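For clarity, every value in this text was computed on a predicted model and none was experimentally measured. Each ligand, and each atom within it, is numbered from 1 in the order the structure gives.
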Amino acid sequence: MIPYGKQSIDQTDIDAVIEVLSSDFLTQGPQVPAFESALKTATNAKYALAVNSATSALHIACLALGLGKGDILWTSPITFVASANCGLYCGADVDFVDIDPTTYNLCPIRLEEKLVEAKKVGKLPKVVIPVHLCGQSCDMQKIHHLSLQYGFKIIEDASHAIGGRYFEKPVGACEYSDITVFSFHPVKIVTTAEGGAALTNDAKLAQKMDLYRSHGVTRIPELMEKDSHGSWYYEQVDLGFNYRMTELQAALGVSQMQRLDAFVSARHELAARYNEKLKDLPITLPYQLEGTYSGLHLYVIRLQLDKLSKSRKDVFEELREKGIGVNVHYIPVHTQPFYRRMGFKQGDFPEAEKYYSEAISIPLFHGMTLEQQDEVVATLTQVLEG
Ligand SMILES: Cc1ncc(COP(=O)(O)O)c(C=O)c1O
């Protein structure tokens, strides 16, 4: 089976992890700060906090922005459930903004319409989480402009987008957001096995996220409320979690970050080849928003079902049977049973639902051979034309 995504691990990665195993620190040593430095260098953000998943990063980002009971968080329905769940973890209410039918990202026009209505009834969101689906940045200038007008904070869910750019600035620079979050799950562009990070240019937000990722405990004298008892002394000044990344994970991350540009350009070469070889099939190919350079975590095609005699399910199952490890990103979050129990229903976000009925992610990963790609193209062509 040719997978839809796969990590790329070389001998340098293996050596880096093994070296940590025989070092003094398996956690809370020098590798996490080194990984954070690599993230700062790659994005130009002032602060980077590595954690054990993007889910944890989203949670501490929401907490640092003061999201709590009585507040509202909006995100895209076409995302992994974590982008919405983080609001619920904080006791806030969650709602969605429908997607743009060409980029599949949260639509700034729908966002503005929803803000106008929400303002009338006093239900404006405190936090909006645009998700850079497949690695392509959302229209951040427009979303940022609306945030100034309507007073919400922005967390970019860039779980798919490390190595991407928005108007020549790296995704993660936080130019149009308060915080950006990355995921380092193995199918993503860079991996630490499990892992995530939150980046910001705001010293106070960074300090809060640092506390939340490690029990709300500090050893920094300025943050303490009482006089130190001695050099062993620490204080818990807030309620936090154990969301720390290990040294093994961070060492893998440091090593992987050295190949970030190579990973993303290899994905672009493969995507350009797909664009050329698939252009005559009854499918819609990924759209490139002006000013964006995608991290290209995923290559999603949309079936033009009116030109096909098969359903999306038929095409998907046939591809899987023939050894092509396709996937679907994502089932609209508002249609999940857990969210339906909150009152969401089919029909609430029509563009997201239409996208879902047509989308298939086909294999794209660093290390995919041209032969593998040709096999995907040939099989897809055969299934769609057969
Ligand atoms: C858009 C998006 N947000 C958040 C997450 C959560 O990432 P993690 O698995 O690192 O917690 C994912 C993971 O698939 C994702 O795709």
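Residue Asp157 comes nearest to Ser83 through the heavy atom pair OD2-OG, 2.8 Å, listed as atom of the first residue, atom of the second, then distance.
For ligand 1, the protein residues within 4.0 angstrom (heavy atoms only) are Ser53, Ala54, Thr55, Thr79, Phe80, Ala82, Ser83, Val131, Asp157, Ser159, His160, Ser183, Lys188, Gly195, Tyr330.
Residues Tyr233 and Glu235 bring a donor and an acceptor atom of their side chains to less than 3.5 Å of each other. A donor-acceptor pair shorter than 3.5 Å cannot be found between the side chains of Asn105 and Gln136.
In this structure, the side chain of His59 does not engage the main chain of Phe241 through any donor-acceptor pair within 3.5 Å.
Judged as a salt bridge (Lys or Arg N to Asp or Glu O under 4.0 Å), and not counting sequence neighbours, the contacts of Glu175 are Lys169.
His329 and Tyr4 have tilted rings, their planes meeting at an angle from 30° to 60° on a 0 to 90° scale.
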